Q: 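Please read through the structure below; I'll follow up with questions.
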Amino acid sequence: MAEPILEVSGLVKHYPLTRGILFKKQIGAVKAVDGVDFTLHRGETLGIVGESGCGKSTVARLLCSLEQPTAGSIRFKGEEITGLTGKALKAVRRNIQMVFQDPYTSLNPRMTVGDIIGEPYRIHPEAAPKGDRRRRVQELLDVVGLNPEHINRYPHQFSGGQRQRIGIARGLALHPEVIVADEPVSALDVSIQAQVVNLLDRLQTEFKLSYVFIAHDLSIVRHISDRVGVMYLGRIVETGTHDEIYDHPTHPYTQALLSAVPVPDPDARERRERIILTGDVPSPTDIPSGCRFRTRCWKAQERCAREVPALAVPARFRDAAGPAAHDSACHFAEEKQVVPPEEQSNEHSNEQSNEHSNEQSNEHSNGPG
């Protein structure tokens, strides 16, 4: 396995809740991220999935040093990056770039595409000579499948998918080693999502990038990710390769998520077991004791309220060499096949084929709308 490029340990981000106007008193905290651990290896894609509000986007902002953690460690190529300021922080940000979720709000409407993509060169002037910046911006437009002659256009003159390509080009400008993509396709039409995902796939090979790919669409994460981490209420509850997670899930929450994935074949839809979770997601200001998923889990027992399950290979699978032997934070983890295997393989192959054809036909389409 390749060397680690990003190591996250015990990552915590709590937002204080206060009362009072003149004399503010803290009365609690929103525990957005509450002890996240993972490793990103050089050249791989780590997918992070989970429901809205589970802390995925907060993890993205922490990785890019847009916010500082309450506790925990983030190490980039072996060096601690939390708490950095000044030139040291600036150097780290050059190597860890972000692609934002909404292409309509992440681009300044008053700036041309050339100014947007070239802005990193003004912040990091050592990255490109002033007289060479326009040429580099045009090269980046070409790399992401846009017309270099459109360098003087404004964001409103592009479609949503094209705007996201502009955001990707801006992220590539400084030749980063890690890109954190925070739900980069969730605001796009389904037909455009495949193009952007395939573009990211190609750029990873071309520029030797490592990705943290955050999404709630499980089918997209399976297509692009080497490993997957499933988040629930501020913590990762299961992690493994994409085949281990999708074909051999052991955590009840992962199994419930997979059972909700749409299946186009009516016969396969009838064969699979649909898991309906009861109750609402607990508030991040009042997290349940023990296992935080226990209030919605059909396996919950008294032990689940007392003990916090560790993210580790379950005892029953430790001596096995099979795909179920991956980390899962559940006292009663067991392998469960949610979608029939033949349907998973057919759906995945069809998805790849459709995406590839869409990419070939639309990659270089630069018209507005």
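Treat the numbers as computed from the prediction; the structure is a model and nothing was measured.
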Q: Around atom CZ of Arg274, are there more than 12 heavy atoms from other residues, nucleotides or ligands closer than 6.0 Å?
A: yes
Q: Evaluate the side-chain proximity of Leu46 to Phe38: yes if any heavy-atom separation is below 4.5 Å, no if none is.
A: yes
Q: Scan residues 282-292 for pairs that pass salt bridge (charged side-chain N to carboxylate O under 4.0 Å, His left out), counting only residues two or more places apart or in two chains.
A: Asp34-Arg292
Q: Kindly give the heavy-atom pair with the smallest separation between Gly234 and Val36, and that separation in Å.
A: O-CG2, 3.4 Å
Q: So which of His124, Glu126, His175 actually passes side chain to side chain donor-acceptor pair (under 3.5 Å) with Arg94?
A: Glu126
Q: Tell me yes or no: between the side chains of Asp189 and Ser191, is some donor less than 3.5 Å from an acceptor?
A: no
Q: Look up atom CD in Gln204 and atom CG in Leu199, then write down how far apart they are to the nearest 0.5 Å.
A: 11.5 Å
Q: Going by an N to O cut-off under 4.0 Å, is there a salt bridge joining Glu119 and Arg170?
A: no
Q: Under 3.5 Å, is there a donor-acceptor pair between the Ser73 and Glu80 side chains?
A: yes
Q: Kindly determine whether Ser57 and Asp182 satisfy side chain to side chain donor-acceptor pair (under 3.5 Å), including the steps that lead there.
A: CA-CA 6 Å; Ser57 294; Asp182 181 18; 3.0 Å; yes
Q: Of all heavy-atom pairs between Glu334 and Phe317, which one has the smallest distance, and what is that distance?
A: CA-CZ, 4.0 Å
Q: Quick one, Ile5 with Glu177, criterion side-chain contact (heavy atoms from CB on, under 4.5 Å). Give me CA distance, side-chain angles, the key distance, then yes/no.
A: CA-CA 9 Å; Ile5 190 169; Glu177 296 182 65; 3.8 Å; yes
Q: Quick one: do the Glu238 and His326 side chains pair a donor with an acceptor below 3.5 Å?
A: yes
Q: Is the terminal nitrogen or CZ of Lys25 (NZ for Lys, CZ for Arg) located under 6.0 angstrom from the six-membered ring centre of Phe23 and within 45° of that ring's axis?
A: no
Q: Is it the case that the side chains of Ser289 and Arg294 hold a donor-acceptor pair, with the cut-off being a distance below 3.5 Å and no angle test?
A: yes
Q: A side-chain contact here means heavy atoms from C-beta on lying under 4.5 Å apart; do Val197 and His223 qualify?
A: yes
Q: Would you name the heavy atoms of Val99 and Pro184 that are closest together and state the gap between them?
A: CG1-CB, 4.1 Å
Q: Quick one: closest heavy-atom pair of Arg296 and Pro282, and the distance?
A: CD-CD, 4.4 Å
Q: Between atom CZ of Arg235 and atom SG of Cys291, what is the distance when rounded to the nearest 0.5 Å?
A: 9.5 Å
Q: Is it the case that more than 12 heavy atoms not belonging to Glu79 sit under 6.0 Å from its CD atom?
A: no
Q: Could I get the full list of side-chain contact (heavy atoms from CB on, under 4.5 Å) partners for Pro103, not counting sequence neighbours?
A: Arg163, Gln164, Ala187, Leu188
Q: Does the side chain of Val113 come within less than 4.5 Å of Leu141's, by heavy atoms?
A: yes
Q: Can Ile81 be reached from Leu89 by stepping across I, L, V, M, F, W or Y side chains whose heavy atoms are under 4.5 Å apart?
A: yes
Q: Indicate yes or no for a side-chain donor-acceptor contact from Tyr121 to the backbone of Ala173 under 3.5 Å, with no hydrogens or angles considered.
A: yes
Q: Kindly give the heavy-atom pair with the smallest separation between Pro155 and Met111, and that separation in Å.
A: CD-O, 3.2 Å
Q: Kindly give the heavy-atom pair with the smallest separation between Gly55 and Val33, and that separation in Å.
A: O-CG2, 3.7 Å
Q: Side chains of Gln101 and Ser186: is there a donor and an acceptor less than 3.5 Å apart?
A: yes
Q: To the nearest 0.5 Å, tell me how far Leu140 CG sits from Ile168 CD1.
A: 11.5 Å
Q: Any side-chain heavy-atom pair from Asp37 and Leu11 closer than 4.5 angstrom?
A: no
Q: Decide whether Glu3 and His41 meet the rule of one side-chain donor and one side-chain acceptor closer than 3.5 Å.
A: no
Q: Between Thr18 and Gln26, is there a side-chain donor-acceptor contact under 3.5 Å, judged purely by atom types and distance?
A: no
